Amino acid sequence: MKERKILVIGSINMDLVTQTNIVPKVGETVLGTSFFTIPGGKGANQAVAASKLGADVTMLGCVGDDAFGQELMQNLSDQGVTTNYIKTVPNASSGIASITLSEGDNSIIVVPGANHELTPDMVRENEKIIADANIILLQLEIPIESVKLSIELASKHSVPVILNPAPIQSLPKELLLQATYITPNEHEQESLLLNGELTEEESEQVKQKCIVTQGSQGVLIYQKKEELIPGYKVKAVDSTGAGDTFNGALAVSLSKGVALKEACQFANAAAALSVTKLGAQSGMPTLEEVEKFIAQV
Ligand code: RIB
């Protein structure tokens with residue numbers, strides 16, 4: 001049986017992944033070990049993570065009218081994500097991420113392409129699916145004005161929002177104050193709280209809604225007091241998409257009414273499993289896999 005409705009408003013990229021034992025310095029050429037193209041994008045990854053965990057997921061996004069666009073759309077549909085609200089933008093390239101993978105860690109350059117065509121007008125035209133959602137997931141690989149309007153409309157319809165502030169950039173304070181949960185890593189949280197527009201009181205409000213991801217260590221939450229929800233140690237093959245799996249799984253759990261602490265434990269387990277395979281989406285677990293993993297640990 002499908003769970004409650006999750007709407008992801010965000011990016012869809014093709015990941016161009018190079019594996020190498022040596023990461024080149026500026027001006028240096030090195031020989032890599034392998035190359036592959038695989039669907040990614042923070043928005044699409046979060047949508048797939050939630051769908052694999054059994055949620056009813058709809059994605060609002062854009063792809064280009066190129067071969068990558070067709071492949072990305074097909075992949076989302078194969079993963080059970082509703083793609084009716086994804087626009088194919090004429091004469092645009094699909095978003096890509098150039099990823100260098102070395103010893104399980106990565107560095108990424110994103111070229112947004114068609115993702116930048118997810119305009120505030122497109123968000124406004126889709127207010128109905130915002131109003132119908134049980135929870136909304138947002139990241140920062142689409143125009144900030146569109147993220148801001150999405151949060152405003154979600155707040156108008158009392159729909160909770162998880163904002164994953166990645167890649168980090170300076171954000172209007174209303175956006176931070178209206179989001180229900182914010183899921184930065186430590187560096188992103190520091191940058192958010194340095195936002196000069198926030199008063200001391202507002203900065204504290206923003207901190208209270210943060211769920212700070214710390215890799216395999218777990219996540220920090222601030223309910224009555226600061227608390228670390230410990231993560232799981234696994235052998236990491238590729239950490240790409242671990243944060244996205246965390247966000248997708250968190251949305252699934254929260255949409256079922258699970259308390260924040262337990263939702264974070266579940267999302268930590270899903271994220272741990274996701275790093276055991278190559279590619280952002282390949283290692284994302286099913287609900288049964290997460291439950292089995294938690295039971296074993
Ligand atoms: O979070 C990982 C994702 O970031 C990759 O899939 C890549 O597309 C970039 O958007």
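Order of appearance sets the numbers: ligands from 1, and atoms from 1 within every ligand. Keep in mind the model is a prediction, meaning the values are calculated, not measured.
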Between ligand 1 and Glu141, is the shortest N or O to N or O distance under 3.5 Å? yes
Any nitrogen or oxygen of Asn45 lying under 3.5 Å from a nitrogen or oxygen in ligand 1? Just yes or no. yes
Any atoms of ligand 1 less than 4.0 Å from a non-hydrogen atom of [X]? List them with their elements.
X	answer
Asp244	1 (O), 2 (C), 3 (C)
Ala97	7 (C), 8 (O)
Gly40	6 (O), 8 (O)

Quick note, salt bridge (charged side-chain N to carboxylate O under 4.0 Å, His left out) partners involving residues 190-208, not counting sequence neighbours, are Lys173-Glu202
Gly41 heavy atom under 4.0 Å from ligand 1: yes
Side chains of Asp78 and Gln74: is there a donor and an acceptor less than 3.5 Å apart? yes
Counting non-hydrogen protein atoms only, what is the nearest one to atom 4 (O) of ligand 1? Give residue, atom name and distance. Lys42 NZ, 3.2 Å
Look at atom 5 (C) of ligand 1 and say which protein heavy atom is nearest, naming residue and atom and giving the distance to 0.1 Å. Asp15 OD2, 3.4 Å
Do other residues, nucleotides or ligands put more than 12 heavy atoms under 6.0 Å from Tyr85 OH? no
For the residue pair [X] and [Y], what are the closest heavy atoms and their distance?
X	Y	answer
Ile151	Gln178	CG2-CB, 3.4 Å
Glu227	Lys261	OE2-NZ, 2.9 Å
Pro120	Leu149	O-CD2, 3.3 Å

